[in-house]
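Notes for the one structure printed next.
Atoms considered below: every heavy atom in the structure, side chains included; atoms not considered: hydrogens, waters and symmetry mates.
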Amino acid sequence: MVPTVASPIRLRAAAAACAVLLACAAGAAAQQVRPFTWNVPENFPVPRVPADNPMTWEKVELGRFLFYDTRMSGNETQSCASCHRQEVAFTDGRPRSVGSTDEVHPRGAMSLANVGYASTLNWANPLVSELAQQALVPMFGESPVELGMAGREEELFARLRGDARYRRLFREAFPGQADPINLATITRALAAFQRTLISGNSPLDRWALGLDDNAISASAIRGIDLFFTEELECFHCHGGFNFSDSTTHDGTPFVESAFHNNELYNLDGRGAYPADNQGVFEISNRPEDMGRFKAPTLRNIALTAPYMHDGSLETLEAVLDHYAAGGAPDVPVELASGFVRGFRLTPQQKQDVLAFLESLTDDEFVTSPRFADPFAPVACPGDCDFGGAVTVDELIGGINVALGEATYAHCVGMDASGDGEVSVDELVAVINFALGGCPP
């Protein structure tokens with residue numbers, strides 16, 4: 001809670017500090033917008049960004065609010081985050097997702113880790129390749145219903161326009177627009193936030209970059225060697241820095257989308273999959289596309305059970321067993337991927353591969369406040385960079401936000417009340433944290 005009453009001595013001290021900081025802020029070269037800079041891991045390229053939606057921190061922060069807002073669903077019960085929870089690498093932990101109207105979907109929610117690098121964004125739809133375009137699917141799709149906003153666009157806009165914080169966020173993220181709250185700005189802001197969901201600080205990364213020779217076990221190192229053998233074939237579909245073959249980034253000469261039949265089913269002896277889950281075949285109607293699905297990233301894979309597009313395999317051990325067996329029996333050769341041929345692993349080798357997969361868990365990614373719910377109570381108002389303390393620069397930034405000299409995205413945590421403004425009482429509270437320290 002923001003304190004509204006304080007002792008006269010404390011108020012005088014806070015007022016004096018405010019006066020000094022206001023003087024500093026008046027002489028500072030405060031920027032109206034906060035330039036966006038990528039902070040990608042050393043072994044990562046920069047994501048590809050569409051020319052019509054350049055990255056800004058203002059869009060990112062707006063997108064974070066929209067991503068976690070249940071007002072984005074027709075009955076106001078679900079947000080994007082309902083099916084993409086940070087603690088499980090932005091999946092939902094279900095075999096098949098459940099929409100806002102309790103309709104069970106045919107497929108599970110794919111992880112959003114490194115989604116900005118994905119060249120295709122759905123399990124089995126090669127036509128959806130851009131994040132702003134993809135956002136329309138959960139918002140307005142009717143088969144199945146996800147957020148359930150079909151035909152209710154104006155209702156959504158009215159909800160957002162009625163919120164003072166959103167009015168400021170949209171105005172600053174899309175300056176110059178007479179009415180910035182519209183479908184294009186909503187989807188572009190969501191896309192901007194999702195591009196920042198970069199996971200590249202796993203134990204494997206720290207070991208591979210030479211930052212910590214003890215970051216992974218000897219068992220995991222042996223598992224790496226097995227993973228990249230022609231015997232197991234794993235790396236053909238799960239290679240590169242993102243452990244997926246549907247990956248693109250800034251500078252790639254062309255975009256390639258790959259889909260594979262991993263021989264999970266053969267219901268009729270001719271390679272048939274369940275009627276509600278037939279892969280790319282549902283889009284193309286070409287027989288050779290039966291059962292072809294995207295190979296998603298393996299990053300944080302130990303957190304994202306159950307596995308496969310329909311959650312039919314509960315554990316990583318079961319996944320290894322499936323591939324070791326060579327998939328379902330008697331799949332026609334014209335449908336099989338060619339990489340599911342079966343293999344043998346000793347019990348120790350199996351544990352080694354599992355140790356490698358577990359080393360891809362990025363604890364920082366699934367706990368970072370930068371990706372967390374902005375509607376949750378702020379632990380330390382004014383700690384704009386989540387560094388555990390309120391610095392003088394952050395105080396000056398907060399004053400600039402209060403004065404309108406800096407955008408709200410500079411430090412949304414300054415506004416503990418959530419009204420879109422930074423009040424004197426909120427500044428006093430922040431100064432108290434700066435003087436006394438943030439809560440442990």
Is any NZ, NE, NH1 or NH2 atom of the basic residue among [X] and [Y] found under 4.0 Å from an Asp or Glu carboxylate oxygen of the other?
| X | Y | answer |
| --- | --- | --- |
| Asp52 | Arg188 | yes |
| Arg107 | Asp276 | no |
| Arg71 | Asp163 | yes |
| Asp419 | Arg168 | no |

Using side-chain heavy atoms (C-beta onward) and a distance below 4.5 Å, is [X] in contact with [Y]?
| X | Y | answer |
| --- | --- | --- |
| Leu395 | Ile431 | yes |
| Phe65 | Phe193 | no |
| His260 | Val340 | no |

Residue pair Ser97 / Cys83: nearest heavy atoms and the distance that separates them: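 Shortest heavy-atom separation between Ser97 and Cys83 comes out as CB-SG, 4.2 Å.
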Do [X] and [Y] meet the criterion of a side-chain donor-acceptor pair at a distance under 3.5 Å?
| X | Y | value |
| --- | --- | --- |
| Asp310 | Tyr273 | no |
| Thr252 | His249 | no |
| Thr77 | Asn75 | yes |

What residues form a ring-ring contact (aromatic ring centres under 6.0 Å, His included) with Trp207, not counting sequence neighbours?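 ring-ring contact (aromatic ring centres under 6.0 Å, His included) check on Trp207 returns nothing, list empty.
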Would you confirm whether the ring centroid of [Y] sits within less than 6.0 angstrom of the ring centroid of [X]?
| X | Y | answer |
| --- | --- | --- |
| Phe243 | His238 | no |
| Phe227 | Phe235 | no |
| Phe90 | Phe365 | yes |
| Phe44 | Phe241 | yes |

Only one of Thr361, Asp205, Thr304 passes side chain to side chain donor-acceptor pair (under 3.5 Å) with Arg299; say which it is.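 With Arg299 as partner, side chain to side chain donor-acceptor pair (under 3.5 Å) holds for just one option, Asp205.
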Scan residues 351-371 for pairs that pass salt bridge (charged side-chain N to carboxylate O under 4.0 Å, His left out), counting only residues two or more places apart or in two chains.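 Found Arg222-Asp352.
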Is it true that, when you exclude Asn39 itself, more than 12 heavy atoms of the residues, nucleotides or ligands shown sit nearer than 6.0 Å to its CG?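 Open.
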CG-SG distance between Asp385 and Cys411, expressed to the nearest 0.5 angstrom: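 Taking CG in Asp385 and SG in Cys411, the distance rounds to 8.5 Å.
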At what distance, to the nearest 0.5 angstrom, does CD of Glu426 lie from CD of Glu421?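 Rounded to the nearest 0.5 Å, the CD-CD separation comes to 9.5 Å.
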Show me the pairs that pass side-chain hydrogen bond (donor to acceptor under 3.5 Å, both in side chains) and involve residues 115-138, at least two apart or across chains.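 Every pair satisfying side-chain hydrogen bond (donor to acceptor under 3.5 Å, both in side chains) with a residue in residues 115-138: Glu130-Arg195.
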